[in-house]
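Down below is the structure, laid out as structure tokens.
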Amino acid sequence: MNDWKKKAVVYEAYVQSFKDSNNDGIGDLPGLTSKLDYIKNLGANVIWLTPIFKSPLVDNGYDISDYEAINPIYGTMSDFDHLLNEVHKKGLKIVLDLVVNHTSDKHKWFRESKKSCNNKYSDYYIWRDPKSDGSAPTNLGSAFGGSAWEYVPERKQYYLHLFAKQQPDLNWDNPKLRQSVYKMMRFWLDKGVDGFRMDSISFISKPKEFKDAPLQDHKKYGAYYYGSANGPHIHEYLQEMNREVLSKYDILAIGETPHTTPEEAEKFVSTDRHELDMVFQFEHMHVDYGEFGRYSDVTFKLSDLRNSMSSWQNKVSWNSIYLGNHDQPRIVSRFGNDNKYQKESAEMLAMIELLQKGTPFIFQGEEIGMTNLHVNGIDELKDLEAHNIYQFFLNQGIDKETALKMVNRKTRDNARTPMQWNNTTNAGFSNGKPWIEINPNYKQINVEKDLQNKNSIYKFYQKILELKKNNSILIDGKYKLITPEDSAIYGFTRTLGNKQILVVGSFVPYKVKYDLPKELVRKGKQLLCNYDKHRNSLPSELFLKPYEGIVFQLE
Ligand code: ISL
Ligand code: CA
């Protein structure tokens, strides 16, 4: 991987919730353009835009009806060109979301495909005959609930959708489809975009023959990824994409790869295989799954988080590192403390996360410690996934209160509430009615406040990123977990040659003692701490305040 890629720090902008420029309540491209200095000053140098393409917005833009057109609610193509130009003028880069596991059912390809079995686009999607009794080909369920198969009378066939039924899956076994995708990728790369974040890319190669999935308790349908996660031709297709498109440009290729083991991930990123630069791991997002999966009232165990992150650090040559994104709860609410220790825990989490080996991804609002939303009724939520799962819980006989509690903890709306810019109307996001609820805590948590205060979370993120950018130990140094057993502390070292940095963080709201391994009881220099405490040596007994985090360079 070349130098700029290794030094990339990615800021994920969820465009519709970032900044609204024309007061229609929806964040847009000119709004984002007006905030580039904010992102640059934080220390990020790459901006990943969630989908901005034409879309009926059934899944907030992950259902694309025209890959080469901008959704008018976000602006025009000239707004995009202007954004790209400004980004490059500032020395930043742009990565677009590439959603090619599926399209919207309103995409021209699908509208044609569903008409008949013998037109140009008939094989662009995955069609199967019904069972002899007319029912769906298999028991596969969709990620958002219900069957993954939908019947179309015109073709007398079912099509596959791993996500919503308005998101039919593309047929990557068809070489014509693959060429159409590559052509579209070249369209954006020739414009000058600097890379892609490839949505659900681990699902693109489907099994030749679909089979019934084993059913777990309570379930009517098989898991959506059964047979499709890292399917038979996945690496072949990505190598072809690399050969035909990616390798012709100096760009960043990031795969979103749910249901992938670290061993499989290494195949995607190992440089001699010419596939992708890095992938998103998901294992650490499963640490608080419950009996029904993702939506649960389970609290994570530190050892699970630590073990999962460490296993990826040890087994994969280069990682995307993240704790939150537009699909996940707010990190301070999930892994820290969004109450009394909101600031301390947000800063500690940033140290533990961003100083691991790999490319840091910061999701908008993390840098000011934004928290989960918490609604009083299901009607207040926007995301289709939350509504489907809530209904599923009620059907299981779960009471409304418990169902809402589980949904509140995990709903994707938590991440999607608008960016909190200041303490004025609608948090300074828009003067119109925002498309989604504003988190009522914007008067306490907002950008303006953080920029004015030299001890803010934002300023702490700046320090972490500044430190990482210029430090070869933190870029290339080997990661080693030093607290495999501790119930309260996550500590690791980064080592390059004879140089070593220790990163240690407490995950509890009380004071704890940590007995440092003997070989680390040394002099050195404290590089960062989220409390006002200075150290020039590490004692054998380290006392950590609530959520204290320390970065220490050993002599
Ligand atoms: O977060 C999940 C479930 O709620 C994941 O399993 C998620 O479905 C997976 O990460 C894929 O997510 C991506 O593709 C989806 C889209 O809804 C998500 O926003 C996107 O990040 C379908 O395009
Ligand atoms: Ca707008």
Side-chain angles (χ1 to χ4, degrees), residues 56 58-59 62-63 65 100-178 180-181 200 202-234 236-237 258-259 291-293 384-385 387-389 391-397:
V58 171
D59 186 21
Y62 283 93
D63 48 323
S65 54
V100 289
N101 174 67
H102 45 268
T103 66
S104 157
D105 60 342
K106 299 290 179 310
H107 193 288
K108 181 183 96 185
W109 299 341
F110 189 73
R111 283 192 278 116
E112 293 300 317
S113 191
K114 71 176 194 187
K115 280 185 190 156
S116 70
C117 298
N118 49 20
N119 68 62
K120 194 174 160 199
Y121 298 103
S122 299
D123 289 333
Y124 266 47
Y125 295 84
I126 298 167
W127 295 95
R128 290 291 185 276
D129 291 332
K131 280 194 183 141
S132 53
D133 65 354
S135 64
T138 69
N139 67 3
L140 204 68
S142 97
F144 297 147
S147 168
W149 296 102
E150 183 74 12
Y151 186 69
V152 172
E154 290 98 313
R155 282 186 64 141
K156 300 194 176 60
Q157 281 188 312
Y158 284 83
Y159 68 85
L160 179 74
H161 60 91
L162 297 188
F163 295 92
K165 69 168 185 263
Q166 297 89 342
Q167 291 168 298
D169 280 54
L170 287 164
N171 176 18
W172 276 72
D173 292 333
N174 177 354
K176 290 202 180 98
L177 172 272
R178 302 204 298 276
S180 300
V181 170
S200 299
S202 50
F203 300 137
I204 59 173
S205 171
K206 304 299 192 290
K208 189 113 213 99
E209 201 189 324
F210 285 88
K211 296 199 177 111
D212 279 336
L215 291 181
Q216 286 158 357
D217 317 339
H218 333 282
K219 299 267 168 77
K220 182 169 166 198
Y221 299 107
Y224 74 101
Y225 49 85
Y226 179 77
S228 298
N230 299 307
H233 302 288
I234 177 79
E236 186 187 318
Y237 295 155
H259 301 285
E291 50 188 323
F292 298 106
L384 85 163
E385 187 180 69
H387 287 271
N388 292 349
I389 195 84
Q391 202 46 54
F392 168 78
F393 285 156
L394 298 191
N395 296 343
Q396 294 296 315

Looking only at heavy atoms, what is the nearest atom pair of [X] and [Y], with distance?
X: K131; Y: P137; result: CE-O, 3.5 Å
X: N119; Y: S122; result: N-OG, 2.6 Å
X: P232; Y: S205; result: N-OG, 3.4 Å
X: H102; Y: Q167; result: CB-O, 3.5 Å
X: C117; Y: R155; result: SG-NE, 3.7 Å
X: D212; Y: T138; result: OD1-CA, 3.3 Å

Item to check | cation_pi(R128, W149) dist<6.0 Å, angle<=45 | outcome: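 Ring-cation test returns no.
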
Do [X] side-chain atoms and [Y] backbone N/O form a donor-acceptor pair below 3.5 Å?
X: N139; Y: A213; answer: yes
X: S142; Y: A164; answer: no
X: W172; Y: V100; answer: yes
X: D63; Y: V58; answer: yes

Next on the checklist: For S180 and Y124, which I'm curious about, is there any donor-acceptor pair between the side chains at under 3.5 Å?
Outcome noted: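 Yes, Y124 and S180 have a side-chain donor paired with an acceptor closer than 3.5 Å.
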
Checklist entry - Have K206 and N101 got a donor and an acceptor in their side chains that come within less than 3.5 Å? => result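 On atom types as modelled, these side chains qualify, holding a pair under 3.5 Å.
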
With heavy-atom distances below 4.5 Å as the criterion, would you say the side chains of [X] and [Y] are in contact?
X: L384; Y: D59; result: yes
X: F292; Y: I389; result: no
X: D123; Y: L177; result: no
X: S104; Y: F110; result: no
X: S228; Y: P207; result: yes

[atom1]/[X] to [atom2]/[Y] distance, rounded to the nearest 0.5 angstrom?
X: K108; Y: T103; atom1: NZ; atom2: OG1; value: 12.0 Å
X: L140; Y: Y225; atom1: CG; atom2: OH; value: 10.5 Å
X: R111; Y: D105; atom1: CZ; atom2: CG; value: 9.5 Å
X: H161; Y: Q166; atom1: NE2; atom2: CD; value: 8.5 Å
X: N171; Y: I204; atom1: CG; atom2: CD1; value: 11.0 Å

Next on the checklist: Students often mix this up, so state it plainly: with edges at 30° and 60°, are the rings of Y237 and H233 parallel, tilted or perpendicular?
Outcome noted: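 The rings of Y237 and H233 sit tilted, inter-plane angle from 30° to 60°.
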
Checklist entry - What class does the angle between the rings of H259 and F203 fall in, given that below 30° is parallel, 30 to 60° is tilted and above 60° is perpendicular? => result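 H259 vs F203 ring planes: tilted.
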
Next on the checklist: Just checking Q216: does its CD atom have more than 12 heavy atoms from other residues, nucleotides or ligands closer to it than 6.0 angstrom?
Outcome noted: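 Result for CD/Q216: open.
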
Checklist entry - Within a reach of under 6.0 Å around CD of E209, are more than 12 heavy atoms found that belong to other residues, nucleotides or ligands? => result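 Counting neighbours around CD of E209, 12 or fewer heavy atoms of other residues, nucleotides or ligands fall under 6.0 Å, so no.
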
Item to check | Option from Y121, Y125, W127 for which side-chain hydrogen bond (donor to acceptor under 3.5 Å, both in side chains) with S113 holds | outcome: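 Testing each of Y121, Y125, W127 against S113, the sole residue satisfying side-chain hydrogen bond (donor to acceptor under 3.5 Å, both in side chains) is W127.
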
Checklist entry - Taking the six-membered ring for Trp, are the ring centroids of Y62 and F163 within less than 6.0 Å of each other? => result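 Centroid separation for Y62 and F163: 6.0 Å or greater.
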
